[in-house]
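Here is how names work: the chains are called A, B, and so on, in the same order as the sequence lines, proteins then strands, and each is numbered from 1.
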Amino acid sequence: MEQNLISLLQSSVRLKELKQIHALIFKKYISFTPFFIKRLLHLSIVDYARLVFNQVPQPDQYLYCSFISAYSKLSLYAEAKKMFFLMHHDLARISCFAFSPALSSCASLMATSEGKQIHSLVINYGFGSNVFIQTTLIDFYAKTGDLGSAKQVFDEISVKDPASYNCLISGYSKSGEVLVARNLFDKMTERTIVSWNSMISCYAHNGHYTQALEIFERMQAVKCQPSEITLVTILSICAKLGDLEMGLRVRKLIENNKLCRNMIVSTALLEMYVKCGAVNDARREFDQMAQRDIVAWSAMIAGYAQNGRSNEALELFELMKSENVKPNDVTLVSVLSACAQLGSVEHGERIGKYIESRGFASNVYVGSALLDMYAKCGNIRKALQVFDQMTHKDIVSWNSMIGGLAANGLAEDAISLYMKMKEAEVKPNDITFTGLLTACTHAGLVELGLEFFKSMKSDHNIIPKVEHCACIVDLFCRSGRLEEAYKFICNMEMEPNVVIWGTLLSASRTYLNVELAERSVEKLLILEPENSGNYVLLSNIYASVGRWQEALKVRKLMKDRRIQKIAAYSWIEIEDKLHKFLVGDTSHPRFTEIYSVVDGLRLQMNWAGYTPNSDLPEEDFLYTDSS
DNA sequence: GTAGGGTTAG
């Protein structure tokens with residue numbers, strides 16, 4: 001009968017059956033209880049196992065130990081840790097197998113003092129020279145950032161195996177001590193695949209991509225076959241570098257060696273394509289995947305959103321929902337970003353409601369993306385509401401709100417929010433100042449803008465970028481202070497770009513300053529000789545002041561250089577269809593209707609400081625002018 | 001012990 005009981009227990013997986021067996025054990029075979037509990041734990045039925053355990057009068061160390069391992073495996077680290085100390089409290093002995101799962105649970109919980117307590121118990125119980133436990137100790141100290149202690153344990157090991165090196169290497173990697181990690185790696189006489197991978201990811205995580213690739217080459221040279229983990233790490237380096245060529249080499253390597261292509265490898269490949277701008281290839285990889293988890297879906301949706309293909313991002317999100325895959329915070333951030341790019345109010349609001357009803361908005365990423373979406377869709381009140389309700393705000397949240405206010409023409413609010421940000425002791429960055437300077441430009445606050453610009457360097461140690469300089473030039477230009485704008489450009493610490501000279505040129509046209517127009521065009525013709533707009537503007541300026549000969553000369557120059565004007569289309573969305581038309585174009589079948597909508601919108605857009613998007617897929621157009 | 005996805009501006 002007892003043999004039957006064992007085989008019955010081993011064949012049962014359902015809780016209902018197990019409970020029946022439990023009744024039998026409880027009545028007739030009480031000594032089988034520990035065996036029964038271990039079977040439950042093996043099946044990850046921890047809660048019921050715990051209930052049964054609580055009835056056991058004197059559990060032995062092995063039973064406690066089974067719980068600690070099970071909890072740790074199921075990521076129930078707090079429970080694992082509690083069970084360890086309960087065992088220590090109840091028993092005079094501790095199984096040597098209890099220390100490792102307890103220590104790694106403490107590492108995951110960042111429970112430094114309890115981990116140290118366990119360390120002293122290791123010594124008290126005489127396991128101080130057990131290599132397996134020593135390695136877990138190194139890992140614990142490495143993960144909690146106490147590298148001194150990690151090194152100390154490491155030095156105490158008489159015969160060091162690769163695992164102890166590997167733990168220490170990854171510890172130094174996490175705290176950015178790349179050279180120390182490399183030193184250890186070089187000292188190793190025997191390296192496992194994990195050693196190679198750890199060294200590669202050490203370089204990768206600390207931004208030393210070339211060195212990471214060098215280790216990868218060396219690994220192949222000594223005929224150590226890369227694992228899936230190696231490939232994923234290398235692919236993510238290719239993604240960060242935007243190195244499609246290297247990425248494709250890795251893909252060939254996978255194909256030629258028939259290496260396993262699991263979900264993580266495929267997602268890394270997909271991500272590599274996305275970051276190299278090869279979105280269609282990413283989608284092909286996505287479609288070929290046998291299984292897709294939320295990470296794969298999110299990566300593909302983000303891929304579309306990051307490459308300005310918002311419509312496809314939203315379409316894929318719909319497909320994901322139709323396959324009953326639940327979005328998480330990461331997915332929603334990309335979806336929101338897509339809605340923001342489209343300025344699609346209805347879509348955005350629907351997702352906004354979904355997020356708020358499910359409490360996703362408390363996540364900083366989601367909150368920031370949500371308020372940004374509302375701001376970009378013109379609903380500044382809702383944006384402010386989301387911002388105010390965020391319990392934790394980071395630099396991105398503040399920047400998005402400041403930028404949102406600025407873009408919606410609320411310059412004073414943007415500036416006073418910046419004051420609040422400083423009160424909250426959040427350090428501004430270059431993006432903060434882009435928002436602030438935009439606000440000043442829109443409100444014509446020249447002096448304040450200059451003050452902000454100066455404070456970037458002097459108060460915050462932020463080196464202004466070309467964009468910031470462009471704001472200052474715009475600031476001067478809009479208030480007609482062209483000479484100061486020119487002086488500012490000449491004194492810039494970096495090379496002025498097309499935007500800057502272009503700003504000065506168009507201001508020169510407005511204020512009919514021929515001399516500055518000539519100087520701007522001179523620079524612009526070097527920077528972008530193919531742009532017809534520059535020639536046209538200069539020619540128009542000459543014409544406006546009656547210098548016809550020179551106007552004609554510019555036109556002729558343009559003709560000689562075979563430069564053609566490119567037609568600038570505008571577009572509008574009405575009833576889900578896109579319509580596009582040229583300036584002064586009245587030939588569209590629904591011209592009157594469009595014109596009235598456009599005119600109203602244009603006013604709103606100008607006021608909000610928006611520029612219309614121009615890279616729309618061609619096939620979506622209902623109407624295309626052939627001229 | 002070593003792997004994959006996210007927000008702001010330009």
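Between the CD atom in A/Gln385 and the CD atom in A/Glu356 there is a gap of 7.0 Å [rounded to 0.5 Å].
Across all non-hydrogen atoms, the minimal contact from A/Ala313 to A/Ala305 is CB-N, 4.0 Å. Pairing each heavy atom of A/Met373 with each of A/Leu336, the nearest pair is CG-O, 3.8 Å.
The residue A/Met401 sits apart from the nucleic acid: no heavy atom pair falls under 4.0 Å. Residue contacts for A/Ser400: at a heavy-atom cut-off of 4.0 Å it reaches the sugar-phosphate backbone alone, with no base atom in range. A/Ile294 comes within 4.0 angstrom of a nucleotide base, judged by non-hydrogen atoms across all strands. A/His468 comes within 4.0 angstrom of nothing in the nucleic acid, heavy atoms only.
Residue pairs meeting the salt bridge (Lys or Arg N to Asp or Glu O under 4.0 Å) criterion with at least one member in residues 204-229 of chain A: none, sequence neighbours excluded. Within the structure, ring pair (Phe, Tyr, Trp, His ring centres under 6.0 Å) contacts touching residues 174-227 of chain A (residues at least two apart or in different chains) are A/Phe185-A/Trp196. For residues 462-471 of chain A, the set of pairs meeting the salt bridge (Lys or Arg N to Asp or Glu O under 4.0 Å) definition, not counting sequence neighbours, comprises A/Asp430-A/Lys465.
For A/Asn130, there are no side chain to side chain donor-acceptor pair (under 3.5 Å) partners at least two apart in sequence or on another chain. In this view, A/Ser100 and A/Thr136 satisfy the side chain to side chain donor-acceptor pair (under 3.5 Å) rule, not counting sequence neighbours. In this view, A/Asp281 and A/Arg284 satisfy the side chain to side chain donor-acceptor pair (under 3.5 Å) rule, not counting sequence neighbours. Every residue was checked against the side chain to side chain donor-acceptor pair (under 3.5 Å) condition with A/Arg358, not counting sequence neighbours, and none meets it. In this view, A/Phe154 and A/Tyr165 satisfy the ring-ring contact (aromatic ring centres under 6.0 Å, His included) rule, not counting sequence neighbours.
Remark: A/Glu228, A/Ile229, A/Val232 in residues 212-241 of chain A come within less than 4.0 Å of DNA chain B through at least one heavy atom. Near DNA chain B, defined here as any heavy-atom distance below 4.0 Å, the residues from residues 429-439 of chain A are A/Ile431, A/Thr434, listed numerically. Within residues 157-187 of chain A, the residues approached by DNA chain B to less than 4.0 Å at the level of any non-hydrogen atom are A/Pro162, A/Ala163, A/Asn166, A/Cys167, A/Ser170, A/Lys174, in residue-number order.
A 4.0 Å heavy-atom criterion places the boundary nucleotides of DNA chain B facing chain A at B/dG1 to B/dG10, written 5' to 3'.
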Q: Please lay out, stage by stage, how A/Asp146 and A/Thr112 fare under the test side chain to side chain donor-acceptor pair (under 3.5 Å).
A: CA-CA 9 Å; A/Asp146 184 354; A/Thr112 46; over 6 Å; no
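Salt bridge absent: A/Glu285 and A/Arg251 never bring a charged side-chain N and a carboxylate O closer than 4.0 Å.
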